[in-house]
Visitor: 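The following block contains the structure, expressed as structure tokens.
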Protein chains: 2
Amino acid sequence: MELDERKLKILQGIIRNYLDTGEPVGSRTISKYTDLNLSPATIRNEMADLEELGYIIQPHTSAGRIPSDKGYRLYVDNMMKEKEQELKEKEKEVDDMREFLNEKVDKVETLLKNMAKMLANNTSYAAMISAPSIHKNRLKFIQLSQVENHKMLCVMVLEGNIIKNKIIDVNEEIDNETLLKLNILFNSNLNGLTLEEINLSIISKMNGQAGAQLDLARSVLDAVAEAISSEDNLEIYTSGATNIFRYPELSDSSRAKELISTFEEKQMLSSLVDRDDDNREIKVYIGEETPVKTMKDCSVITATYELEEGVQGTIGIIGPKRMDYEKVVDTLKEFKNTLDSVYKKKE
Amino acid sequence: MELDERKLKILQGIIRNYLDTGEPVGSRTISKYTDLNLSPATIRNEMADLEELGYIIQPHTSAGRIPSDKGYRLYVDNMMKEKEQELKEKEKEVDDMREFLNEKVDKVETLLKNMAKMLANNTSYAAMISAPSIHKNRLKFIQLSQVENHKMLCVMVLEGNIIKNKIIDVNEEIDNETLLKLNILFNSNLNGLTLEEINLSIISKMNGQAGAQLDLARSVLDAVAEAISSEDNLEIYTSGATNIFRYPELSDSSRAKELISTFEEKQMLSSLVDRDDDNREIKVYIGEETPVKTMKDCSVITATYELEEGVQGTIGIIGPKRMDYEKVVDTLKEFKNTLDSVYKKKE
DNA sequence: GTTAGCACTCTAACAAAATGAGTGCTAACA
DNA sequence: TGTTAGCACTCATTTTGTTAGAGTGCTAAC
């Protein structure tokens, strides 16, 4: 059996309608809703076919049809494409947004929190933003200072003015001279490098220069590596988790609890964060496709943003499977563009 | 009508029972449950009195009674006192906890997040911890460095090793010498002072010393003031928000949504944060008493901890009105003690 | 002051019946 | 051959009625 033009139109009708109402869609509705001018009976035949093909599902015998994951997938892949244009006209908005964001925001953290909130408000779904992963990011400089007797503060500034602090416990006393020396040592060797580039050869080279402060230098190096790379370093901001209560199919206690827990334990979202930079597409996960098992009744759309060259993070929307894919994709593109340019254009 | 011994005992019985079961308590139950050896009929008479006095409520005619806010209040104020002892024996636990916490925790932030999680797990209610309010906190030192051409990084370390960063936009070029001078200027004038003490007289004194860099110094000072004092600086960590789903009386969609939104928008919890240091008691808010309106169906228990002299924050538990007050108060005391000592004993 | 007894109330649980949306199938039609 | 009207059927939802049980308040007796 083939998926001809007409079946496609009917499927589209079913999905569009279901996105609106959240209720199973019957043949009668489609008969009126589409411009095909077919009787409900004919629609029914087609629907039976569509069901056999796996695009729609009947929750129970005497109900209308709802899209299956496969149906949504088809919809997202093929039917949405038509809308690709008209993205231009939103450039203005983006500018407005950028202006607003520039005002009060000097910390990336605050920027991202705000973005998450706006994203959730704009879409009525739940939003997440991962702080840019810095493992490809370049070190701008390091500043060591003494905090108390056996404690040093190590401030690391990364490309994009992301700041990391770490307090280092050291065994020895540190005098000012040593501190100065270490500062110079680190800054002259490490600046401008990514974590990946700070590897064995460089470390051994530094070992040679460190001289008496070898131990000290090593513990600083450890700290730097840990602060920059450590897994739990992946900050994720979320907003609008409670938006799921707008959708009855996600609102029953157990489902809601599971979902909201996922947002609370933000680490559980880390599998949504895209770490490979090759693929910059917008990704749409439908139902079972999502990497987060607790979200199998949801759809997830993610995009990768880039604050500066190599400083990438992920923004995402989590909503019901019947979410407004087109709008979300558009919104996500907008936000992605804003984030992409907020720091770059500034300069 | 008086609240005699017997009525008190019956009230206590009702509350205890209701805390356990969450179901309205009938006269029959109390007749068996207490050691008063009274028939259900007698109990009924007493219950009618208790209702008239406002301590208990009948959800509907043919149901048992449940405690009113006033009833809970009486219970918390009078009946719980008996348990005051036996806090000693838990000292060991506290030590264990401290050990665990010291291990991986170098940042206060991480410490508090962990504490919140433990608190929620320990109690099965929702937990919140406010980061210590630093407005009475002392500045340990300031470190200015140049990030890019017209940007300085200002790192402030406060007593308790709380670290604040701020990137400052400046108009002029800054050379190394100026930077050094400013660093010395700030550190020699501001160190060891609270924000409140950094006031006009000091600022004017500094103005005199700043010389050519007056503008620069002023913008740094602004930044310091803003970073230290700004209102939205109040960080609050929460955990276990979804625990409310354990309690049917809080689980219906609208209530749950409201509550969980409150946890998501953590600013809404700020009214629970105790800013006046005089009163270090554990506070119990029952139902309508709580300062957060969305929590009128909950009870809230808070305590103030003190990481170091003057570095105070609030820990709190939010749960159903029928929460286990005694356990929560105990647990909160424990955690408070741990936090009170975690940094102090370390030295 | 306490209690047994009783009529009464109201909820929760269950079952039966009515409703209605939607289907699949067949037969007729163009 | 594709389309449609008609009809019997299915099944979730809603409505209605019934019952059981928990609990009460009140009265009268102890």
Side-chain angles (χ1 to χ4, degrees), chain A residues 1-11 13-15 17-18 20-68 71 248-249 251-252, chain B residues 1-11 13-15 17-18 20-68 71 248-249 251-252:
Chain A
M1 188 166 22
E2 269 295 290
L3 195 60
D4 58 23
E5 182 76 14
R6 197 170 74 177
K7 284 190 174 54
L8 222 57
K9 269 197 167 167
I10 292 171
L11 180 55
I14 294 172
I15 296 180
N17 202 286
Y18 183 70
D20 271 5
T21 65
E23 300 282 307
V25 185
S27 54
R28 194 183 187 70
T29 314
I30 293 302
S31 167
K32 277 182 282 182
Y33 191 79
T34 63
D35 53 355
L36 291 170
N37 276 87
L38 293 174
S39 78
T42 314
I43 303 289
R44 278 205 288 283
N45 288 329
E46 297 290 44
M47 280 166 107
D49 291 353
L50 283 170
E51 184 163 15
E52 198 179 332
L53 288 166
Y55 293 108
I56 51 181
I57 289 169
Q58 212 171 5
H60 54 262
T61 330
S62 72
R65 307 302 214 287
I66 63 174
S68 67
E249 67 266 42
S251 294
D252 67 291
Chain B
M1 186 167 22
E2 271 294 292
L3 194 60
D4 57 25
E5 182 75 14
R6 197 169 74 175
K7 284 190 175 52
L8 221 58
K9 270 199 166 166
I10 291 171
L11 179 56
I14 293 171
I15 296 179
N17 202 286
Y18 184 68
D20 271 4
T21 65
E23 302 281 308
V25 185
S27 54
R28 194 181 186 69
T29 314
I30 293 301
S31 166
K32 278 182 281 183
Y33 191 78
T34 62
D35 52 355
L36 290 171
N37 277 85
L38 292 174
S39 80
T42 315
I43 303 290
R44 278 204 288 283
N45 289 328
E46 296 288 47
M47 280 166 109
D49 290 353
L50 282 170
E51 182 161 16
E52 198 179 331
L53 288 166
Y55 292 109
I56 52 180
I57 290 169
Q58 211 171 5
H60 54 262
T61 332
S62 71
R65 308 301 214 289
I66 63 175
S68 68
E249 67 266 43
S251 295
D252 68 290

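Just so we're on the same page: letters track the sequence lines, and every chain starts at 1. Quick caveat, the model's predicted, so the values are computed rather than measured.
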Visitor: For D:dA28, give its Watson-Crick or G-U wobble partner with both distances under 3.5 Å, or none.
Guide: C:dT3
Visitor: Whole Å only: how far is the CG atom of B:L38 from the P atom of C:dA4?
Guide: 11 Å
Visitor: Heavy-atom count check: over 12 atoms from other residues, nucleotides or ligands less than 6.0 Å from A:N37 CG?
Guide: no
Visitor: Whole Å only: how far is the CE atom of A:M47 from the P atom of C:dG22?
Guide: 9 Å
Visitor: Select one nucleotide: of D:dT4, D:dC26, C:dC10, the one nearest the side-chain heavy atoms of B:R44.
Guide: D:dC26
Visitor: So, is B:R65 close to the D:dA22 phosphate, meaning a side-chain N or O under 4.0 Å from OP1 or OP2?
Guide: no
Visitor: Taking only the side-chain nitrogens and oxygens of A:S62, find out if one of them lies under 4.0 Å from OP1 or OP2 of D:dA12.
Guide: no
Visitor: Do the non-hydrogen side-chain atoms of B:I14 and B:Y55 ever get within less than 4.5 Å of each other?
Guide: no
Visitor: If each of B:E46 and A:S27 is mapped to the nucleotide of DNA chain C with the nearest heavy atom, which maps nearer the 5' terminus, i.e. the 5' end?
Guide: B:E46
Visitor: For a quick check of understanding: with a heavy-atom distance under 4.0 Å over all strands, which category does A:T61 fall into, base, sugar-phosphate or nothing?
Guide: sugar-phosphate
Visitor: Using side-chain heavy atoms (C-beta onward) and a distance below 4.5 Å, is A:K9 in contact with A:L36?
Guide: yes
Visitor: Nearest whole angstrom, please: distance from the P of C:dG22 to the CG of A:N17.
Guide: 10 Å
Visitor: Rounded to the nearest angstrom, tell me the gap between atom CD1 in B:I66 and atom P in D:dG23.
Guide: 14 Å
Visitor: Send over the distance from A:K7 NZ to D:dT3 C1', rounded to a whole Å.
Guide: 13 Å
Visitor: Write down the distance between CG (B:D49) and P (D:dC26), rounded to a whole number of angstrom.
Guide: 12 Å
Visitor: Please work out if A:A41 contacts a base, only the sugar-phosphate, or nothing of the nucleic acid, heavy-atom cut-off 4.0 Å.
Guide: base
Visitor: Let me know, please, whether B:G64 or B:N45 comes out on the 5' side of the other along DNA chain D by nearest nucleotide.
Guide: B:G64
Visitor: Could you state the atom-to-atom distance from CG of A:L36 to P of D:dG2 in whole Å?
Guide: 16 Å
Visitor: Look up atom OG1 in B:T42 and atom CZ in B:R6, then write down how far apart they are to the nearest 0.5 Å.
Guide: 6.5 Å
Visitor: So, applying salt bridge (charged side-chain N to carboxylate O under 4.0 Å, His left out) with A:K7, which one of A:E51, A:E46, A:E52 is it?
Guide: A:E46
Visitor: Closest approach to the side chain of A:A48, judged atom by atom: which nucleotide of D:dG25, C:dG24, C:dC10 is it?
Guide: C:dG24
Visitor: Please compare B:H60 and B:R6 by the position of their nearest nucleotide in DNA chain C and report the one closer to 5'.
Guide: B:R6
Visitor: Measure from CZ on B:R28 to P on C:dT3 and round the result to the nearest Å.
Guide: 14 Å
Visitor: Between C:dT3, D:dG25, D:dT3, spot the one nearest the side chain of B:E51, thanks.
Guide: D:dG25
Visitor: Identify the nucleotide, in any strand shown, that forms a Watson-Crick or G-U wobble pair with C:dA21, with both distances under 3.5 Å; if there is none, say none.
Guide: D:dT10
Visitor: So, taking the atom named CG in A:L38 and the one named OG in A:S27, what distance separates them when rounded to the nearest 0.5 Å?
Guide: 11.5 Å
Visitor: Counting only side-chain N and O atoms of B:S39, is one of them less than 4.0 Å from OP1 or OP2 of C:dT3?
Guide: yes
